[in-house]
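Predicted model only: the values in this text are computed from it and were never measured.
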Number of protein chains: 2
Amino acid sequence: MRDAAERLGYSASPAARALRMRRSWWVGLIIPDIANPMFGEIARGAAEVLEEAGCHLLVSSHDARPERQAGQIRNMLRQRVDGVILQPFSSTDEDVPRLVQAGVPLVLLARRHRTQPTDHVTMELRAPLLEGLAHLADLGHRRIAITLMGGRTSTSAEERFETYCRFMRERFGAADKSLIVRLERTELVSGREAVPVLLAASPTAIVASNDLLALGIRDGLRDAGLLVPRDLSLLALDDTFLSALPGIELTSSTLPKRQIGVEAARLILARVAAPRRPCETVVLPAPLVVRGSTEALPA
Amino acid sequence: MRDAAERLGYSASPAARALRMRRSWWVGLIIPDIANPMFGEIARGAAEVLEEAGCHLLVSSHDARPERQAGQIRNMLRQRVDGVILQPFSSTDEDVPRLVQAGVPLVLLARRHRTQPTDHVTMELRAPLLEGLAHLADLGHRRIAITLMGGRTSTSAEERFETYCRFMRERFGAADKSLIVRLERTELVSGREAVPVLLAASPTAIVASNDLLALGIRDGLRDAGLLVPRDLSLLALDDTFLSALPGIELTSSTLPKRQIGVEAARLILARVAAPRRPCETVVLPAPLVVRGSTEALPA
DNA sequence: TTGTATGCGTTATCAT
DNA sequence: ATGATAACGCATACAA
């Protein structure tokens, strides 16, 4: 019977199925930027495991505009998606309770919501930073500057802030707050613009929130007549494929991008199968890869 | 009435609409690699104009596997998408006649089909190459090597082959075929592996099919003790945002990626509105941007 | 103009 | 087991 159907090239109409079954067999992935290869790899990982379960991935990019994110969520709910994978803007993103309210399986990426418990997948936040700081400290660096993204609303920034301060205190007795630079945007130009502020604290090494930002910083340093790693060491957290490129070669903590997608999809499917199961958190490692941008401090 | 509906938060069920109207208000975009920012930007451009028309973009990445492309097309046809935007594998891709047969509005990217006329959007192929060759020739280069992707089935490779030969003949009297290197894959490693073959023809400048390939070539040259642009000039066609990155800085012909998506979506909508209109071709310019990887040949 | 019945292609239910 | 039937939520054609 099934093969007879396949012989004849017949296949059920998804629209009729969705109407009748009140679900679409689609899972939505809502991301800030579809041109960012990081999210592309997450999408690939998620699509892989969803296909196996007979579902499809629906990707929506909102280009960092909250009102677009809200619109895309509305749209997905209308489509009766089986689940939503979302990287929220902040830990107080109002769309998160809305989604939970709507009763749709939800997986948060990167951050968790402050009040609303959900399934979510993150990468280790403390370990890679500690590993990076230890790497620099072992190379002789003491004045290590760090960039932190977003305001105080960002849990990840706060966690990094605390981790940084604790490490510096434990290793060197004190943490000089002037070495901490808070940035709004995580782009190349943002890195370039941050250079004067960074240099004001006269660091010998800089930890950047991600590799694109690090590239901008390196470019700004070059304009200031400073070369990496000769004059300053540079380390990037949360890297993309860029860090490994010849000509870039940044020491960085590398995210398991595909795996993030895989785990997120897995959590969605698990909740579809068991709506009342307790929320689960998956924490993925982000090991440090030493490349050419960090060097021992000359004595 | 409409606003009354919106006040109450009501909105039509897409499934019921699709079932009744025999169309989904979705447009499919089928691409080789969702982690490639080039396709991300195309997707963004397409999504923008589709949203305005009340449609949504459905992105599917097949990771360069023909059988996956075929499956995704089947899936999209079942979903009754309003149209399909596709970058076919070759000018004889068998999925193309199938799609036309199915009667779904279809826009081809990059290449056109050899026998089946369709709407399509390409970038200029001859002009950027000629511009690049002229740029190198003006810098004093005579032995200009070039990489060509794919076998003889690739129309674009053939067009570039002819363009290259004609330019070299007209400018220097003859085209040395040993300067032409045919490659199968367009990846970083592929560029690195091509270096020995390229060097065998002792060129002073190299034209690479795209910037990732160029990066690989530069890396391979460095391993061979040759520096760009000091020892060799390097020029990339069909660039992505990579070329402009500090630390990369390749002279390259820059694709209007977003615009490709915009035009493709426009063509889909036009055909939805007028199914019998004649096929249209949009050719977008790809101007040369001179950066640090090309230099005058020392006398 | 406003209202009402029918069908789109499934699945689920109920009767056989 | 197998088969007929209703309902999912909309658009449309036709009646009032």
Steps toward salt bridge (charged side-chain N to carboxylate O under 4.0 Å, His left out) verdict (B:Arg44, B:Glu41): CA-CA 5 Å; B:Arg44 170 177 300 152; B:Glu41 294 194 31; 5.6 Å; no
Whether B:Trp26 and A:Trp26 hold their rings parallel, tilted or perpendicular, with breakpoints at 30° and 60°: parallel
Looking at A:Arg185, is its backbone amide N or carbonyl O close enough to the side chain of A:Ser190 to form a donor-acceptor pair, meaning the two atoms are under 3.5 Å apart? yes
Are any of the side-chain nitrogens in B:Arg266 or B:Glu48 under 4.0 Å away from the carboxylate oxygens of its partner? no
Is the backbone N or O of B:Thr240 less than 3.5 Å from a side-chain atom of B:Asp211, with the two atoms forming a donor-acceptor pair by type? yes
List the protein contact pattern of nucleotides 6-15 of chain D with one symbol per nucleotide (5' to 3'): B for base contact, S for sugar-phosphate-only contact, - for none; contact means a heavy-atom distance under 4.0 Å. BBBBBBS---
For the atom pair CZ (A:Arg277) and CG (A:Leu267), what is the distance rounded to the nearest 0.5 Å? 6.5 Å
I'd like to know if A:Arg258 and B:Asp63 make a salt bridge, using a cut-off of under 4.0 Å between side-chain N and carboxylate O. no
Nucleotide-level pairing of DNA chain D, given in dot-bracket where Watson-Crick and G-U pairs need both distances under 3.5 Å and | marks other strands: ||||||||||||||.|
